[in-house]
Amino acid sequence: MYRQENIKPYKKEGSKGQQVEQMFDTIAPSYDKLNHHLSWNIDRYWRKKAVSHLSEYAPKTILDVATGTGDFAILMAKHLRPTHIDAVDISEGMMEAGREKVSSQGMQTVIEFCREDCMALSLPDNKYDAVTATFGIRNFPDLEKGLKEMYRVLKPGGRLCILELTHPVHFPMRQLFWLYSHTILPLYGKLISKDKSAYTYLTNTIQAFPQGEEMVEVLRKIGYVDAHFKRYSSGICTLLTATKE
């Protein structure tokens, strides 16, 4: 079991999955604003890098796991021109915000939202050319189980692409990021989202998430090949990529 699987948003009874669903339903109205403000809009740059990586594979069918409000699904639809994207999440509140964005851009025929538990996807084997996740797998109740489900629904030769928040590894950015994530981030998150636990939880999951080489080993253990990672913004974000053999 990995460290982040013991971290829950709230200090009360209930599974991690239930608490994560409740947390995201609560912060959904302010989620996009907070994401962009707290990252100084650098999250847009990270997403573009992930899309650029996928472009050489030209996926036509994509599963976007932990899609949230659908920002990455929309970006992929614009730049990759797939025939279909299934955007799945455990939080209906987040997806409802995503549906409004997709509708406003006339992408309903390409992007379809559906509530799914990433621990047990109700999707067939070997369906997708690519499976993606941006800033979501830290919330998995069981990291390996979720990654195995993503592997299962990938076609042989299909590409996995994950963006995740991580902590910098070098001085002084490591120390500066620790200070920012333990003071400014949870305080601002509480003021905007009105959920005092959500952005403290975010900080804790970043600290606990397997980093770099460790995460690549997790992917290889599951069966992925050609697994690599690349750090961005001094390690605040990591791009993880791999292929289903």
Side-chain angles (χ1 to χ4, degrees), residues 1-28 31 35 63-70 72-73 86-98 113-125 127-128 131-154 160-167 181 186 189 193 195-212 214-224 227 229 237-238 240 242 244:
M1 178 176 285
Y2 298 93
R3 296 180 299 275
Q4 82 277 5
E5 292 160 13
N6 296 316
I7 299 171
K8 298 180 181 180
Y10 307 112
K11 294 179 180 179
K12 64 178 184 179
E13 294 299 316
S15 70
K16 178 171 180 174
Q18 292 170 332
Q19 292 194 23
V20 167
E21 180 180 5
Q22 177 189 342
M23 179 188 73
F24 281 115
D25 281 345
T26 300
I27 68 174
Y31 180 79
N35 260 11
L63 174 67
D64 189 37
V65 170
T67 192
T69 61
F72 194 59
D86 282 324
V88 303
D89 202 284
I90 199 171
S91 167
E92 280 290 352
M94 295 287 276
M95 289 190 294
E96 192 54 40
F113 288 89
C114 184
R115 187 184 184 282
E116 288 277 354
D117 181 351
C118 296
M119 300 298 99
L121 296 169
S122 62
L123 300 166
D125 297 352
K127 181 177 181 181
Y128 299 98
V131 175
T132 64
T134 54
F135 315 120
I137 66 171
R138 295 184 335 278
N139 300 308
F140 284 2
D142 184 324
L143 179 60
E144 281 197 24
K145 189 173 182 180
L147 291 170
K148 286 177 180 177
E149 278 293 273
M150 295 163 78
Y151 182 92
R152 178 182 65 80
V153 300
L154 261 178
L160 175 75
C161 184
I162 294 170
L163 273 178
E164 195 48 86
L165 295 173
T166 48
H167 54 76
S181 63
S193 72
D195 188 320
K196 64 182 181 181
S197 300
Y199 286 85
T200 300
Y201 165 79
L202 170 63
T203 296
N204 292 338
T205 57
I206 293 171
Q207 291 297 123
F209 187 71
Q211 303 290 302
E214 184 182 0
M215 190 61 195
V216 166
E217 286 305 311
V218 173
L219 295 174
R220 289 173 179 161
K221 177 182 176 182
I222 290 167
Y224 292 97
F229 74 94
C237 178
T238 298
L240 295 148
K244 180 175 179 177

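These numbers come from the heavy atoms of this one structure, side chains and all, not from hydrogens, waters or symmetry mates.
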I'd like to check the side-chain hydrogen bond (donor to acceptor under 3.5 Å, both in side chains) partners of D117; sequence neighbours left out, ordered by chain and number. none

A87 and A73: which non-hydrogen atoms are nearest, and at how many Å? CB-CB, 4.4 Å

side-chain hydrogen bond (donor to acceptor under 3.5 Å, both in side chains) against T69, all qualifying residues, sequence neighbours excluded: D32, K101

Are F140 and M119 close enough that some pair of their side-chain heavy atoms sits under 4.5 Å apart? yes

K148 versus I222, closest heavy-atom pair with distance: CG-CG2, 3.8 Å

Of V20, I7, L165, T200, the one forming a side chain to side chain contact (heavy atoms under 4.5 Å, CB included) with T205 is I7

I'd like to check the side-chain contact (heavy atoms from CB on, under 4.5 Å) partners of R115; sequence neighbours left out, ordered by chain and number. E21, I90, E92, M95

Could you work out, with side-chain contact (heavy atoms from CB on, under 4.5 Å) as the rule, every residue matching A133, not counting sequence neighbours? V65, I137, M150, I162

Got L160 and K244 here, is their nearest side-chain heavy-atom distance under 4.5 Å? no

For D142, is there an ion pair with K16 - N to carboxylate O distance below 4.0 angstrom? no

Student check: side-chain heavy atoms of V218 and L147 closer than 4.5 Å: yes

What distance do E144 atom CD and K221 atom NZ have between them, rounded to the nearest 0.5 Å? 4.0 Å

If you take all heavy atoms of L143 and P210, which pair is closest and at what distance? CD2-CG, 4.0 Å

Output the distance between atom CG (D64) and atom CG (D86), rounded to the nearest 0.5 Å. 10.0 Å

Under the rule for side-chain hydrogen bond (donor to acceptor under 3.5 Å, both in side chains), what residues qualify as partners of Q19, not counting sequence neighbours? none

Heavy-atom pair with the smallest gap, counting every atom of D25 and S91: OD1-OG, 2.5 Å

Where do T238 and E164 land on the side-chain contact (heavy atoms from CB on, under 4.5 Å) test, with the steps shown first? CA-CA 5 Å; T238 298; E164 195 48 86; 5.6 Å; no

Enter the distance from S15:OG to K8:NZ here, rounded to the nearest 0.5 Å. 7.0 Å

Would you please say whether a donor-acceptor pair under 3.5 Å links the side chains of S122 and E116? yes

Is any side-chain heavy atom of P124 less than 4.5 Å from a side-chain heavy atom of V153? no

R152 side chain vs L123 backbone, donor-acceptor pair below 3.5 Å: yes

Answer whether the closest heavy-atom distance between the side chains of F209 and H167 falls below 4.5 Å. no

Any side-chain heavy atom of C118 within less than 4.5 Å of one from E149? no

Gap separating the CD1 atom of I27 from the CE atom of M94, nearest 0.5 angstrom: 6.0 Å

By ring pair (Phe, Tyr, Trp, His ring centres under 6.0 Å) - contacts of Y151 (at least two apart): Y224

Close side-chain approach of F72 and T132, heavy atoms under 4.5 Å: yes

Do D89 and F113 have side chains that approach each other closer than 4.5 Å (heavy atoms only, starting at C-beta)? no

